[in-house]
Amino acid sequence: MEEEKARSKFKRVCVFCGSNSGHRKVFSDAALDLGNELVKRKIDLVYGGGSVGLMGLISQTVYDGGCHVLGIIPRALMPLEISGEPVGEVRTVSDMHERKAEMAREADAFIALPGGYGTMEELLEMITWSQLGIHKKTVGLLNVDGYYNNLLALFDNGVEEGFIKPGARHIIVSAPTAKELLEKMEQYTPSHEHVAPRESWQMEQLGDYPEQLNAQ
């Protein structure tokens, strides 16, 4: 019963995170905590393929916990982001665009840990794709110790200034802990209007939606 209770509607979650660990231990702890929460719910990991920084911590945690790990990395970044033996399955791609498309195709949902420009760019692209109607997958933000407070405030300001529709502001699901975030993501139902129907984008490469979303 406990095992069934722990299972998630998500089979695979893509985690965007830094190839650095940050200056404070709280960020590393958050990556380990998220990895353990994924294992607890029997959720496989899709990530950027690196074995350093927060990427290395979460991938090793999920792999050691017995869940599948798929890393997707451009060939040019392999010498920079893989140190020693790679973790789990590693799929090499030609560039950053292909990397994001592959990660999006393989995952049922997305979570961003603290990170730099690359992490934020990946997060914002998934939010944008949701707004446009390219996917209906849940986008989560792990706001560790308020790291993303200013980004969330920027989104709120975008609504106030008329650049972001109020419904679209709710695309992003945020929480300070991994457990709380995953619980909120499990309960999330998209409510915003899409700019265009998904079918018009011809984005079959993004894969199927989670089963509960398909039924809606």
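Heavy-atom basis, side chains included; hydrogens, waters and symmetry copies ignored. In this text the structure is predicted, and so the values were computed from the model without any measurement.
Ring to ring, His135 and Phe110 are close: their centroids are under 6.0 angstrom apart.
With Ser59 contributing its side chain and Met55 its backbone, the two residues share a donor-acceptor pair below 3.5 Å. A donor-acceptor contact shorter than 3.5 Å links the side chain of Arg12 to the backbone of Glu106. Asn143 places a side-chain N or O within donor-acceptor distance of the main-chain N or O of Tyr147, the cut-off being under 3.5 Å. With Lys42 contributing its side chain and Cys67 its backbone, the two residues share no donor-acceptor pair below 3.5 Å. Under a 3.5 Å cut-off, the side chain of Lys184 and the backbone N or O of Ser174 do form a donor-acceptor pair. Side-chain atoms of Glu98 come within 3.5 Å of backbone atoms of Ser94 as a donor-acceptor pair (strictly under, hydrogens ignored). Between the side chain of Asn157 and the main chain of Ala153, no donor-acceptor pair closer than 3.5 Å is present.
Taking 4.5 Å as the limit, every side-chain heavy atom of Thr138 sits out of range of all side-chain heavy atoms of Ile111. Side chains of Arg41 and Lys179 form a contact here, defined as non-hydrogen atoms less than 4.5 Å apart. Looking at heavy atoms from C-beta onward, Ile171 lies in side-chain contact with Gln131 at the 4.5 angstrom threshold. Residues Ile72 and Val46 meet the side-chain proximity criterion, which asks for heavy atoms closer than 4.5 Å. Put simply, the side chain of Trp129 does not reach to within 4.5 Å of the side chain of Lys137, judged on heavy atoms. A 4.5 Å side-chain heavy-atom check between Phe16 and Met103 finds at least one atom pair inside the cut-off. Asp44 is not listed as a side-chain neighbour of Leu70, based on a closest heavy-atom distance of 4.5 Å or more. The shortest side-chain heavy-atom distance between Val15 and Val62 does not fall under the 4.5 Å cut-off.
Pro114 and Leu142 get closest at one heavy-atom pair: CD-O, 3.9 Å. When every heavy atom of Leu57 is checked against every heavy atom of Ala31, the shortest pair comes out as CB-CB, 4.2 Å. Considering all non-hydrogen atoms of both residues, Phe155 and Ile164 come closest at O-CD1, 3.7 Å. Here the closest heavy-atom approach between residue Tyr148 and residue Ala112 is recorded as CE1-O, 4.3 Å.
Atoms CG and CG, on Leu141 and Leu152 in that order, are 5.5 Å from each other to the nearest 0.5 Å. Between Thr119 atom OG1 and Glu121 atom CD the span is 9.5 Å, to the nearest 0.5 Å. Rounded to the nearest 0.5 angstrom, Ile58 CD1 and Leu45 CG are separated by 5.5 Å. Annotation: the span from Leu182 atom CG to Lys9 atom NZ amounts to 11.5 Å, rounded to 0.5 Å. In this structure, Phe27 CZ and Leu54 CG are separated by 8.5 Å, a value rounded to the nearest 0.5 Å. The line from OG of Ser28 to CG of Asp33 is 12.5 Å long, rounded to the nearest 0.5 Å.
Ion pair Glu122/Lys100 not flagged as a salt bridge, since none of the NZ, NE, NH1 or NH2 atoms sits closer than 4.0 Å to an Asp/Glu carboxylate oxygen. With respect to Arg91 and Glu102, a salt bridge is recorded, a charged nitrogen being found less than 4.0 Å from a carboxylate O. With respect to the salt-bridge test (charged N to carboxylate O, under 4.0 angstrom), the residues Asp145 and Arg24 qualify. Ion pairing between Arg169 and Asp156 holds under the 4.0 Å rule for side-chain N and carboxylate O.
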Checking side chain to side chain contact (heavy atoms under 4.5 Å, CB included) for the pair Val173/Leu181: CA distance, chi angles, key distance, verdict? CA-CA 7 Å; Val173 178; Leu181 179 61; 4.1 Å; yes
Run the numbers on Leu154 and Asn150 for side chain to side chain contact (heavy atoms under 4.5 Å, CB included), then give the verdict. CA-CA 6 Å; Leu154 179 62; Asn150 289 337; over 6 Å; no
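The ring pair (Phe, Tyr, Trp, His ring centres under 6.0 Å) search around Tyr47 returns none, not counting sequence neighbours.
Legend: side-chain hydrogen bond (donor to acceptor under 3.5 Å, both in side chains) pairs involving residues 60-70, not counting sequence neighbours, sorted by first then second residue: Gln60-Asp64, His68-Glu89.
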